[in-house]
Structure formats: C-alpha cells, structure tokens
A.B. asks: 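Please find one structure pasted underneath; my questions will follow.
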Amino acid sequence: MSIKVRFAPSPTGYLHVGGLRTALYNYLYAKKNDGKIILRIEDTDQSRKVEGAVENLISTFKNIGIEFDEGPSQGGDFGPYFQSQRLDIYKDYIQKLILNKSAYPCFCSSDRLTKIREKQSENKEPIKYDRHCLSLADSEINSRMNNEKYVIRLKIPNEGEVIFYDQVRGKVSIECKEIDDQVLIKTDGFPTYHFANVVDDYLMGITHVMRGEEWLPSTPKHVLLYQAFDWKLPKFIHLPLLLNPDKSKLSKRQGDVAVEDYLSKGYLSETLINFVGLLGWHPKDDREIFNLDELINEFSIKRVQKSGAVFDKEKLNWMNGQYLKEMKISTILNRVVPIFEDAGIDISDTRKFSAVVENARQRVSTLPEMIEHSIPFYSEINFIEEDKLILTSESSQKVFKVLSDKLLNSNDLQEINIKQYIKEAGIETNVKGKDLFLPIRLVLFGEKHGPDIALIISILGKKESIKRLTNFH
RNA sequence: GGCCCGUUCGUCUAGUGGUUAGGACUCAGGGUUUUCAUCUCUGCAACAGGAGUUCGAUUCUCCUACGGGCUACCA
C-alpha cells in the first residue's frame with residue numbers, strides 16, 4: 001500500500017516552527033517512501049479565522065521548498081481541502097454514528113457544563129461530562145432537536161481500555177472511564193477537530209498520522225471513532241515537542257516562533273530546514289549539514305527521538321553561518337541585494353559588491369549582519385578623537401605617505417603586491433608591528449580590527465585608498 | 001487534582017548487558033592570522049535517584065523524583 005500523509009494546520013496567521021518541523025517530517029517520510037503528502041486546512045473554529053493566513057502559509061512553504069501533492073492551491077481528487085467546505089460530509093458521517101449509537105445529542109447549556117466542572121474540580125474528581133443527556137428518551141430528543149441548540153457527543157464505552165501503538169513511543173493505553181464524551185459537532189454545526197480530523201484522514205486515504213505530541217492524549221478518542229465507523233486505523237506517529245529554553249512548549253511569549261520571522265531576520269530557508277530537521281531526529285552518523293534531498297535520503301521514523309527538544313538559537317546561528325560560508329557566492333549575492341539596498345548602499349559596482357559580500361559572509365551568522373561589515377567600504381568614516389590621535393601621529397603620517405606613494409606608482413594592485421608595499425613601507429619608515437598595521441587599517445576602514453589590509457585596499461581600489469590614506473595631516 | 005508521555009554534558013544528540021560513554025553548539029585555553037573573524041588543536045562538561053534481574057547494568061523491570069503535555073462547543 002502506498003503511503004499518504006498530511007500536514008493539517010489551523011490557519012492562525014503564520015507558520016510556527018513546530019509546524020514546520022511536523023510538515024517537514026511528513027514531507028520527508030512521504031518522499032522517502034514514494035508516497036504523497038497533502039495540505040489540509042483545519043478551519044473549523046469560526047472564531048479564530050485570520051484573514052490571509054492560508055495564503056501566507058502557502059507562500060511560506062513555497063519559499064522554503066516544501067511542496068504538497070494535494071491541497072488548496074494544487075487541488076486533488078480528495079478535496080475540498082478546507083474543512084469549512086466539507087460540512088455536508090461531516091453531517092452525513094455523524095448520522096451514521098448517531099444511528100449506530102456511538103454518538104448522541106446533548107442539550108446542556110455551557111452554564112451547566114461550567115458548573116459541573118467547577119464541582120468536579122472542588123471534589124478533586126476527573127473533569128468530564130456527566131452524561132446528563134445520554135439517557136434522554138428518543139421522543140424527547142426528536143422534539144428538542146427541532147427547537148433547541150445542541151451538540152453531538154461521542155459515547156465512550158463504559159468498560160475496557162483503548163490501546164494503540166505509536167510508532168515512536170510503542171504501546172499506549174488508557175482506561176475508557178478516563179475519557180470524556182467528546183463533542184463531535186458544535187452548536188454552530190461545525191465539527192470539532194477530533195471528528196473532522198478522523199473523517200478526513202479516512203476519506204483522504206491517510207495511512208500515517210504524524211503530528212505533535214500534544215495530540216497523544218486525545219488519540220484514544222480518535223481510535224474509538226475509527227472503531228465506531230469500523231474503519232482501519234492509520235499508523236500514529238507522535239513527534240516530540242519543540243521547547244522553549246525553560247523546556248515548556250515552544251511559544252510566542254519566549255521569542256520568535258514564526259518561520260516568517262526567522263526568514264525576515266536573515267536566516268536562510270536551507271538552515272531552517274536543516275536545523276529543525278535535526279530537532280527530534282538524528283541520522284545514523286554524526287553529520288549535521290543536510291540539504292532537503294539528503295534529509296529525504298536519510299530520514300527514518302525509527303530514529304525519531306522520544307523527548308522534547310529545546311530550540312537553541314546559538315546553534316541556529318552557528319548553522320546559518322556555516323551555510324553562509326559554504327553557499328555559492330552568486331546565491332548569496334541575490335538574496336542580499338534587497339538588504340543592501342535598504343541600507344542605502346550603492347551596489348552598482350558589482351565587482352566591489354561581490355568582493356564586499358565575500359568578505360562579510362565569513363564574519364556573520366545572518367544576512368543583515370553583513371551590513372555592518374560592509375558599510376566601511378562605502379561610506380566616509382567619522383573618527384573619534386582618540387583615533388584621530390593615532391592617525392595624526394608622526395609615525396602614522398610617515399607610513400601613510402610612503403604607502404600612498406607606492407600605491408600611486410603601482411599598476412597592479414593585487415593583494416600579493418599590496419602586502420609587499422606595506423612591508424616596504426614599514427622598512428622605509430622604520431615602523432613595525434602594531435604601529436605599522438593598526439593605523440593603516442584604521443585610516444582605511446575606520447576600525448582597529450577587521451579584514452586584511454591588502455584585501456581592504458583591493459576592494460577600495462587605488463583612488464579611494466589613496467584618498468583615505470592622505471586625508472589626515 | 002486526574003490522566004498520558006518523557007529523563008545521556010547547559011543545549012542538540014550518538015551509543016552498548018562489559019566503551020577511556022562518542023560528536024556538535026556554547027564556554028575556556030593554544031596555534032594560524034603581526035589585527036579581528038574564519039580555520040584548526042586541546043580542554044571543561046552527562047547516563048535523575050533507589051531497588052530488582054544479572055557474573056556484570058547507562059542499557060532490561062519496578063518504584064520514586066523531576067520535567068512536559070492534555071484535561072474546551074481551540075486546534
């Protein structure tokens with residue numbers, strides 16, 4: 001049987017990095033096994049609708065390189081792929097459950113529900129519905145259904161336990177008496193997640209349900225639903241949670257969680273895929289740098305971790321830096337253009353721009369950080385008083401004069417030649433070491449630390465270098 | 001409170017019934033760079049605790065502790 005998985009987010013406005021990880025593992029598993037992955041939008045909560053959320057989600061996936069075989073934008077044979085457009089389907093299927101006594105209508109008001117919960121909480125009892133409406137007579141049910149608002153609840157068996165086998169955690173079991181009579185259809189006629197999810201996974205031919213661990217406790221309800229329909233169970237794979245540094249579930253409160261935020265902060269999509277891929281999964285060997293295809297090749301559910309993983313920004317930074325250092329310069333140039341333009345840097349001299357970026361990429365972990373390493377090549381330098389003292393010293397002035405003359409008379413400003421000129425300037429002026437190099441770098445670049453002087457001069461060019469060297473008298 | 005799941009360096013993790021418990025990030029120190037960064041080398045640092053099984057447990061079982069998740073007409 002061919003494999004089919006799904007990523008089923010609710011459209012809350014942005015793609016959560018935890019969502020990215022879930023989507024990624026689904027994608028990797030599908031591609032690894034010649035299966036299919038679908039995108040299904042779980043928009044059954046009317047009150048949480050966010051305008052443009054779905055479009056944003058789809059475009060983020062596009063940016064990051066994860067493609068779906070079926071979904072809102074590409075269609076498919078199992079649509080619609082919005083749950084809000086599948087209401088008739090849920091209506092049909094809930095009838096089957098009511099008929100076979102696996103589900104029942106409930107007319108209890110939310111006030112009453114709140115009250116029994118409060119009481120249960122006071123008495124330290126498990127909090128669940130008291131089945132007040134389960135024993136209603138058929139005649140009463142029929143008349144009230146015409147006149148009152150109601151929900152449909154799942155009837156959990158009184159006895160026994162639900163057992164299922166999670167592909168990551170193994171056997172999981174829970175007593176039926178611990179499970180609440182879950183609402184399946186809300187008063188507004190929309191299904192709850194639990195119901196829509198099971199019906200859709202079945203109808204869409206999903207073979208493997210891979211989702212976050214937060215769903216583990218409600219999986220028994222889903223299992224019962226499959227059994228009530230007499231449907232074959234999919235395989236369940238519950239992925240470990242992504243965590244804040246304090247080990248709680250990764251949340252907005254403790255920093256960025258939107259993939260879009262990381263992208264706009266200058267993290268590469270390649271890094272995000274790679275980094276998040278390694279959170280909760282590990283290859284056979286100790287390799288850490290993987291592109292998407294390599295991840296597909298290596299991925300296996302057997303190597304998925306059981307425990308949660310802290311999202312460590314330090315390591316993310318390191319990894320992004322690795323990508324920046326290894327990537328083709330042309331690729332980086334393309335991505336960095338808008339950032340340089342925003343910073344007001346004139347990049348029309350493409351040879352200079354390329355050399356500047358080549359220098360900056362070695363020194364940063366994100367794209368925007370390149371700006372600070374590049375600005376000295378483009379704009380005039382404002383020296384602080386302390387630095388002016390260094391530049392106007394007798395020895396500095398001697399060195400600047402000799403060096404600028406050498407540059408002026410040179411026809412070939414290769415780095416190797418420049419190095420030679422500096423050396424000669426040192427000998428001729430009898431200035432050595434720190435006293436030689438520091439002032440030159442300072443006058444040319446405005447910083448005491450930075451790129452190799454020969455590199456600075458070669459990027460600046462003859463004219464600009466001489467200008468900067470002779471600016472201080 | 002109840003239920004479910006989890007626990008190897010600070011973090012991501014490898015690993016096995018007998019290993020000097022390995023790698024990566026971070027941090028510290030050395031080398032390269034007459035600067036910085038890169039790179040490189042070295043170092044610091046972990047099997048939650050207690051029983052049991054066993055000749056031997058980090059590895060298997062149980063208990064405890066701790067952590068997390070769930071406990072909605074949210075997903």
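Computed from a prediction, not measured in an experiment: that's the story for all the values here. Residue numbers start from 1 in every chain, and the chains themselves are labelled A, B, ... in the order their sequence lines are given, proteins ahead of strands.
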A.B. asks: Is any side-chain N or O of A:K306 closer than 4.0 Å to OP1 or OP2 of B:G68?
C.D. replies: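 So the side chain of A:K306 is outside the cut-off, no N or O lying under 4.0 Å from OP1 or OP2 of B:G68.
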A.B. asks: Given atom CZ of A:R6 and atom P of B:A75, what is their separation to the nearest angstrom?
C.D. replies: 14 Å
A.B. asks: Have a look at A:T12 and say if it touches a base, only the backbone sugar-phosphate, or nothing, with a 4.0 Å heavy-atom cut-off.
C.D. replies: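 Contact class for A:T12: none.
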A.B. asks: With heavy atoms under 4.0 Å as the rule, sort A:G321 into base, sugar-phosphate or nothing.
C.D. replies: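 Nothing: the residue A:G321, judged by heavy atoms under 4.0 Å, touches no strand.
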A.B. asks: Whole angstrom is fine here: how far is it from CG in A:L113 over to C1' in B:U71?
C.D. replies: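 It is 14 Å, rounded to the nearest whole Å.
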A.B. asks: Output the rounded distance in Å from NZ (A:K325) to P (B:U40).
C.D. replies: 11 Å
A.B. asks: Report which part of the nucleic acid A:I174 touches: base, sugar-phosphate, or nothing (heavy-atom distance under 4.0 Å, all strands).
C.D. replies: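 Sugar-phosphate, backbone atoms only, no base.
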A.B. asks: Using a distance-only criterion (donor-acceptor N/O pair, under 3.5 Å, no hydrogens), is the base of B:C5 paired with the side chain of A:R169?
C.D. replies: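 Between B:C5 and A:R169, which were checked side chain against base, a qualifying N/O pair under 3.5 Å is absent.
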A.B. asks: With rounding to the nearest 0.5 angstrom, report the NZ to CG distance, A:K398 to A:L403.
C.D. replies: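 The distance works out to 14.5 Å.
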A.B. asks: Touch check for A:V364, heavy atoms < 4.0 angstrom, all strands: base, sugar-phosphate only, or nothing?
C.D. replies: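 If one applies the 4.0 Å heavy-atom cut-off, A:V364 turns out to touch nothing in the nucleic acid.
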A.B. asks: Counting just side-chain N and O atoms, does A:K313 come under 4.0 Å of either OP1 or OP2 of B:U11?
C.D. replies: no
A.B. asks: Say you pick atom P in B:C12 and the same atom in B:U58; how far apart are they, in whole Å?
C.D. replies: 22 Å
A.B. asks: Less than 6.0 Å separating the ring centroids of A:F190 and A:Y90?
C.D. replies: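 No; A:Y90 has its ring centre 6.0 Å or more from that of A:F190.
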A.B. asks: Any N or O donor-acceptor pair under 3.5 Å from the base of B:C36 to the side chain of A:R363?
C.D. replies: yes
A.B. asks: Counting side-chain heavy atoms from C-beta on, which of B:A75, B:A14, B:C25 comes nearest to A:K186?
C.D. replies: B:A75
A.B. asks: Between A:W318 and A:Y323, does the ring-ring contact (aromatic ring centres under 6.0 Å, His included) criterion hold? Intermediate values first, please.
C.D. replies: CA-CA 9 Å; A:W318 166 79; A:Y323 272 88; 9.3 Å; no
A.B. asks: Phosphate oxygens OP1/OP2 of B:G69: is one of them under 4.0 Å from a side-chain N or O of A:R211?
C.D. replies: no
A.B. asks: Taking only the side-chain heavy atoms of A:S248 (C-beta and beyond), determine which of B:U34, B:C74, B:G69 contains the nearest atom.
C.D. replies: B:G69
A.B. asks: Is it the case that B:C73 (base atoms only) and A:T192 (side chain only) share a donor and an acceptor within less than 3.5 Å, ignoring hydrogens and angles?
C.D. replies: no
A.B. asks: Which one, B:C39, B:U35, B:C25, comes nearest to the side chain of A:H449?
C.D. replies: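 Nearest listed nucleotide: B:U35.
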A.B. asks: Hey, could you give me the CD/CG distance between A:E125 and A:D130, rounded to the nearest 0.5 Å?
C.D. replies: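 The distance works out to 10.5 Å.
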A.B. asks: Out of B:C5, B:A24, B:A75, which has the shortest distance to the side chain of A:W215?
C.D. replies: B:A75
A.B. asks: With the side chain of A:L436 defined as its heavy atoms from C-beta on, choose the nearest nucleotide among B:U34, B:C12, B:A75.
C.D. replies: B:U34
A.B. asks: Quick one: label A:V183 by what it contacts on the DNA or RNA (base, sugar-phosphate, nothing), any heavy atom closer than 4.0 Å.
C.D. replies: sugar-phosphate
A.B. asks: So, for A:F445 and A:F377, is the gap between ring centers shorter than 6.0 Å?
C.D. replies: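 Ring-ring flag for A:F445/A:F377: true, centres closer than 6.0 Å.
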A.B. asks: Could you check which of B:G23, B:U71, B:C74 has an atom nearest any side-chain atom of A:R48?
C.D. replies: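 Given the options B:G23, B:U71, B:C74, the side chain of A:R48 is closest to B:C74.
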A.B. asks: Under 4.0 Å between any heavy atoms, over every strand shown, what does A:S173 touch: base, sugar-phosphate, or nothing? Just pick one.
C.D. replies: sugar-phosphate
A.B. asks: Using ring centroids (six-membered ring only for Trp), state whether A:Y165 and A:F236 fall under 6.0 Å.
C.D. replies: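 Centroid distance A:F236-A:Y165: not below 6.0 Å, so no.
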A.B. asks: For A:K249 and B:C5, give me the distance from atom NZ to atom C1', rounded to whole Å.
C.D. replies: 14 Å
A.B. asks: In whole Å, what is the span from the NZ atom of A:K448 to the C1' atom of B:C36?
C.D. replies: 13 Å
A.B. asks: Strictly below 4.0 Å: does A:K247 bring a side-chain N or O up to OP1 or OP2 of B:U11?
C.D. replies: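 Yes, such a contact exists.
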A.B. asks: Just one of A:V17, A:L272, A:T366 clears the side chain to side chain contact (heavy atoms under 4.5 Å, CB included) bar with A:L316, so which one?
C.D. replies: A:L272
A.B. asks: Using a cut-off of 4.0 Å on non-hydrogen atoms, how would the nucleic acid contact of A:N123 be classed: base, sugar-phosphate, or nothing?
C.D. replies: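 It contacts nothing in the nucleic acid.
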A.B. asks: So what does A:K149 hit on the nucleic acid, given a heavy-atom distance under 4.0 Å: a base, only sugar-phosphate, or nothing?
C.D. replies: nothing
A.B. asks: Under 4.0 Å, heavy atoms only, any strand: does A:G433 hit a base, just the sugar-phosphate, or nothing?
C.D. replies: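 The answer is base, as A:G433 lies within the cut-off (heavy atoms under 4.0 Å) of a base atom.
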A.B. asks: Would you mind telling me which residue lines up with the more 5' stretch of RNA chain B, A:V431 or A:R303, judged by nearest nucleotide?
C.D. replies: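 Looking at RNA chain B, the more 5' nearest nucleotide goes with A:R303.
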A.B. asks: If you compare every side-chain N and O of A:R117 against the phosphate oxygens of B:A72 (OP1, OP2), does one of them come in below 4.0 Å?
C.D. replies: yes
A.B. asks: With a 4.0 Å limit, can you tell me whether A:S307 has a side-chain N or O closer than that to the phosphate oxygens OP1/OP2 of B:G68?
C.D. replies: no
A.B. asks: Quickly work out the A:F311 CZ to B:C25 P distance and round it to whole Å.
C.D. replies: 17 Å
A.B. asks: Tell me which nucleotide among B:C12, B:G68, B:U34 gets nearest to the side chain of A:L241.
C.D. replies: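 The answer is B:G68, which lies nearest to the side chain.
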A.B. asks: If the cut-off is 4.0 Å, is A:Q46 near the phosphate of B:C74, judged by side-chain N/O to OP1 or OP2?
C.D. replies: no
A.B. asks: Could you check which of B:C12, B:U26, B:G68 has an atom nearest any side-chain atom of A:A309?
C.D. replies: B:C12
A.B. asks: Only pairs under 3.5 Å count here: list side-chain donor-acceptor contacts from residues 149-164 of chain A, not counting sequence neighbours, and write none if there are none.
C.D. replies:
residue	atom	partner	partner atom	Å
A:R153	NH1	A:D181	O	2.8
A:N158	OD1	A:R131	NH1	2.7

A.B. asks: For B:A46 and B:U54, measure between their C1' atoms and round to the nearest Å.
C.D. replies: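 The answer is 25 Å between these two C1' atoms.
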A.B. asks: Could you check whether any side-chain N or O of A:S248 sits under 3.5 Å from a backbone N or O of A:N244, counting only pairs where one atom can act as donor and the other as acceptor?
C.D. replies: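 No, A:S248 side chain to A:N244 backbone: no donor-acceptor pair under 3.5 Å.
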A.B. asks: Name the closest nucleotide to the A:E214 side chain, picking from B:C73, B:A37, B:C70.
C.D. replies: B:C70
A.B. asks: Rounded to whole Å, please give me the gap between CG in A:L455 and P in B:U33.
C.D. replies: 17 Å
A.B. asks: If I take atom CG in residue A:D181 and atom P in nucleotide B:U71, what distance separates them, rounded to the nearest angstrom?
C.D. replies: 16 Å
A.B. asks: Tell me which of A:P451 and A:D285 sits closer to the 5' end of RNA chain B, going by the nucleotide each one is nearest to.
C.D. replies: A:D285
A.B. asks: Mind checking A:Q305 for me? I need base, sugar-phosphate or nothing, with any heavy atom below 4.0 Å counting as a touch.
C.D. replies: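 Answer is sugar-phosphate: A:Q305 comes under 4.0 Å of backbone atoms only.
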A.B. asks: Counting the atoms with a prime plus P, OP1 and OP2 as sugar-phosphate, which does A:K124 contact under 4.0 Å by heavy atoms, base, sugar-phosphate, or nothing?
C.D. replies: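 Answer is sugar-phosphate: A:K124 comes under 4.0 Å of backbone atoms only.
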A.B. asks: Any side-chain N or O of A:Q322 less than 4.0 Å from the OP1 or OP2 oxygen of B:C39?
C.D. replies: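 Result: yes.
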A.B. asks: How is A:P220 classified with respect to the nucleic acid when contacts are heavy atoms under 4.0 Å: base, sugar-phosphate, or nothing?
C.D. replies: nothing
A.B. asks: Side chain of A:W318, heavy atoms from C-beta onward: which of B:A75, B:A24, B:G22 has the nearest atom to it?
C.D. replies: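 Shortest atom-to-atom distance from the side chain points to B:A24.
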A.B. asks: Does A:K284 get its side chain close enough to the base of B:A14, under 3.5 Å, for a donor-acceptor pair?
C.D. replies: no
